[in-house]
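Single-structure report; data block below.
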Amino acid sequence: MGRKSYATYDFPVGRFKISCDDEEICSIELAREEGKGTPSELSELAASQLCEYFSGRRRVFELPLRMEGTEFQKKVWTALREIPYGETCSYKDIAAKVGNPKAARAVGNANNKNPFIIVIPCHRVIG
């Protein structure tokens, strides 16, 4: 893991802060503070793919993500990435997919901690 940097970008749904190290994207979240940061090759790649997504030209993201969380959270986030564009599922569906069918509430908590807004499509999961 190398040095971390961030840059902010404006999208139709708001301003996002994209944080990266030298090899992976560490988070994509709503920007809560002022400042533009310093764009990097990776933040520019993520911003470009997000622009394509919002314009309807992209349905799947191809970005190197550094998923930092518990093993359960990582399983949930991986399962979320498999939800097809235009489809939704429930917390219960994801719980079953990660091998713990009674963990719907825990899936909801992991969904809420998703560090990659839009790219890991937590918005496709309904309670």
Side-chain angles (χ1 to χ4, degrees):
M1 184 162 71
R3 67 177 177 81
K4 279 194 175 179
S5 64
Y6 80 92
T8 58
Y9 299 86
D10 292 315
F11 298 101
V13 297
R15 177 173 279 220
F16 291 0
K17 177 182 176 182
I18 302 174
S19 300
C20 307
D21 63 23
D22 291 334
E23 299 175 8
E24 296 173 301
I25 296 165
C26 301
S27 67
I28 300 173
E29 57 194 357
L30 288 173
R32 302 197 190 300
E33 69 275 339
E34 293 298 316
K36 294 201 177 282
T38 305
S40 69
E41 196 173 308
L42 277 176
S43 70
E44 290 287 310
L45 175 64
S48 173
Q49 289 191 19
L50 283 161
C51 285
E52 291 170 358
Y53 177 84
F54 289 123
S55 70
R57 294 177 296 152
R58 175 173 290 277
R59 293 182 175 204
V60 175
F61 291 94
E62 298 166 356
L63 298 168
L65 304 178
R66 180 178 300 279
M67 288 197 268
E68 294 181 346
T70 67
E71 287 307 309
F72 182 78
Q73 288 172 329
K74 290 183 220 179
K75 284 181 184 178
V76 169
W77 299 334
T78 298
L80 294 177
R81 292 182 84 178
E82 296 171 6
I83 303 170
Y85 179 88
E87 293 184 23
T88 59
C89 65
S90 69
Y91 293 149
K92 184 178 176 182
D93 296 333
I94 297 297
K97 187 167 188 98
V98 300
N100 196 340
K102 296 186 185 242
R105 182 174 279 175
V107 167
N109 288 332
N111 198 37
N112 186 48
K113 302 280 189 217
N114 172 14
F116 301 99
I117 190 169
I118 306 296
V119 172
I120 293 181
C122 56
H123 56 282
R124 295 182 188 158
V125 183
I126 53 178

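The backbone N or O of G108 sits nowhere less than 3.5 Å from a side-chain atom of N111 that would complete a donor-acceptor pair. In this structure, N114 contributes its side chain and I120 its backbone to a donor-acceptor pair below 3.5 Å. For the pair S55 (side chain) and C51 (backbone), a donor-acceptor distance under 3.5 Å is present. The backbone N or O of R58 sits nowhere less than 3.5 Å from a side-chain atom of Q49 that would complete a donor-acceptor pair.
Crowding of E34 atom CD: a count of heavy atoms from other residues, nucleotides or ligands under 6.0 Å not exceeding 12. Annotation for K74: atom NZ counts as buried by contact number, over 12 foreign heavy atoms lying within 6.0 Å. The number of heavy-atom neighbours closer than 6.0 Å to CZ of R15, taken from other residues, nucleotides and ligands shown, is above 12.
At least one side-chain heavy atom of Y9 sits under 4.5 Å from a side-chain heavy atom of P39.
There is a path of hydrophobic side-chain contacts, each under 4.5 Å, that joins F61 to I28. V119 and Y6 are members of different hydrophobic clusters when ILVMFWY side chains are connected at heavy-atom separations under 4.5 Å.
Residue A95 comes nearest to A103 through the heavy atom pair CB-C, 3.8 Å, listed as atom of the first residue, atom of the second, then distance. Heavy-atom minimum distance, Y91 versus A104: CB-O, 3.5 Å. Listed here is the closest heavy atom pair of C89 and I83: SG-CD1, 3.4 Å. A pairwise comparison of heavy atoms in A110 and Q73 identifies CB-CG, 3.9 Å as the closest pair.
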Legend entry - Steps toward side chain to side chain contact (heavy atoms under 4.5 Å, CB included) verdict (N100, K75): CA-CA 11 Å; N100 196 340; K75 284 181 184 178; over 6 Å; no
Inset, instruction - Begin with the C-alpha distance, continue with both residues' side-chain angles, and end with the deciding distance and a verdict on side chain to side chain contact (heavy atoms under 4.5 Å, CB included) for M67 and T78. - result: CA-CA 9 Å; M67 288 197 268; T78 298; 3.7 Å; yes
Inset, instruction - Please assess I18 against L50 for the test side chain to side chain contact (heavy atoms under 4.5 Å, CB included), listing each intermediate value before the final yes or no. - result: CA-CA 11 Å; I18 302 174; L50 283 161; 4.3 Å; yes
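Between Y85 and Y53, the angle of the ring planes goes over 60°, which puts this pair in the perpendicular group of the 30/60° scheme.
Residues K4 and D21 are not paired through a salt bridge, judged by the lack of any N-O separation under 4.0 Å between the basic side chain and the carboxylate.
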